[in-house]
Amino acid sequence: MTEQLTKRRPDPFDGSAGARLCRMGLLTTAGDVDEAAMQVCTHIFAASFFDDLCDAYADQGQLIKIMDAFRELAERKDPQRIFLLLSLQYDGLCKPLPDPVWWLAGYPLALTRFSLGFAAYLLQMMADMEKNKKEDDPSEIMDHSSQ
C-alpha cells in the first residue's frame with residue numbers, strides 16, 4: 001500500500017506570509033515592519049534587479065523606458081503597481097520573482113514599504129549610473145588647467 005503525498009502549493013495570500021516574513025527578519029513578532037531589515041532587503045533586491053536589467057538590455061533606451069515607468073509609479077506612491085511592474089519585468093527577463101519578494105505580496109504593510117523603497121533605490125542607481133557615464137564621457141571633460 002502506497003500513500004500519495006500531496007504538496008500544498010505555497011501561497012502568500014493563505015495567511016502564512018506574516019509568519020514567513022517574520023522568520024526572514026522583515027517583520028517584528030508584533031507584525032510591524034523591521035525598517036532596517038526592510039531597507040537591506042530593498043537594496044539587495046533592487047541592486048540585483050538593476051544588474052539583471054543592465055545585463056539583459058544593451059540598449060539604454062529600453063532601460064530608460066523601464067525606469068520611467070518605475071519613476072511614474074513612485075511619484076504616484078503606488079506600491080501595488082510598482083510590485084506588479086516588478087513582477088512583469090521579471091517575467092520579461094524569464095526569471096521567477098524571488099521567493100522573499102513573492103511573500104511580500106501577502107502582507108500589505110510590508111509590500112508597501114518594500115515597493116516604495118525598491119523603486120527609490122532603483123531610481124537612485126539609475127541616476128548614479130547616468131551621472132557616472134557623463135563624468136566618464138571624454139567629450140564632457142574640459143581642460144581647466146589654464147584657468
Min side-chain heavy-atom separation Glu130-Met67 under 4.5 Å: no
What distance separates Leu73 CG from Ser115 OG, expressed to the nearest 0.5 Å? 10.0 Å
State plainly whether one hydrophobic cluster holds both Leu93 and Val101, where clusters connect Ile, Leu, Val, Met, Phe, Trp and Tyr through side-chain heavy atoms under 4.5 angstrom apart. yes
If I compare all heavy atoms of Lys95 with all of Asp52, which pair ends up nearest, and what's the gap? NZ-OD1, 3.2 Å
Please tell me if the side chains of Arg113 and Leu26 come closer than 4.5 Å, counting only heavy atoms from C-beta onward. no
Specify the closest pair of heavy atoms between Ala119 and Ala74, including all atoms of both residues, with the distance to one decimal. CB-CB, 4.0 Å
Which pair of heavy atoms, one from Phe118 and one from Ala46, lies closest together, and at what distance? CE1-CA, 3.3 Å
Provide the closest heavy-atom pair for Met38 versus Leu104 in the form atom of the first, atom of the second, distance. CE-CD2, 4.0 Å
Note, Phe70 side chain near Gln89 side chain (heavy atom, < 4.5 Å): yes
Leu88 reachable from Phe45 in the ILVMFWY side-chain graph, under 4.5 Å edges: no
Common cluster, Leu21/Val40, ILVMFWY with side-chain heavy-atom separation under 4.5 Å: no
Shortest non-hydrogen contact from Cys54 to Leu63? SG-CD2, 3.9 Å
Flag the pair Ser16 / Trp103 as yes when at least one side-chain heavy-atom distance between them is below 4.5 Å, and no otherwise. yes
Output yes when Arg71 and Asp68 qualify as a salt bridge under the 4.0 Å nitrogen-oxygen rule, no when they do not. yes
Report yes if some heavy atom in the side chain of Leu122 is under 4.5 Å from a heavy atom in the side chain of Met125; otherwise report no. yes
Side-chain heavy atoms of Leu27 within contact of Asp32, under 4.5 Å: no
For residues Ile64 and Met126, determine if any side-chain heavy atom of one lies less than 4.5 Å from a side-chain heavy atom of the other. yes
Phe49 ring center near Tyr90 ring center (under 6.0 Å): yes
If only atom types and distance count, is the side chain of Ser48 paired as donor or acceptor with the main-chain N or O of Ile44 below 3.5 Å? no
Heavy-atom pair with the smallest gap, counting every atom of Ala69 and Leu85: CB-CD2, 3.6 Å
Do Cys41 and Met24 have side-chain heavy atoms sitting under 4.5 Å apart? no
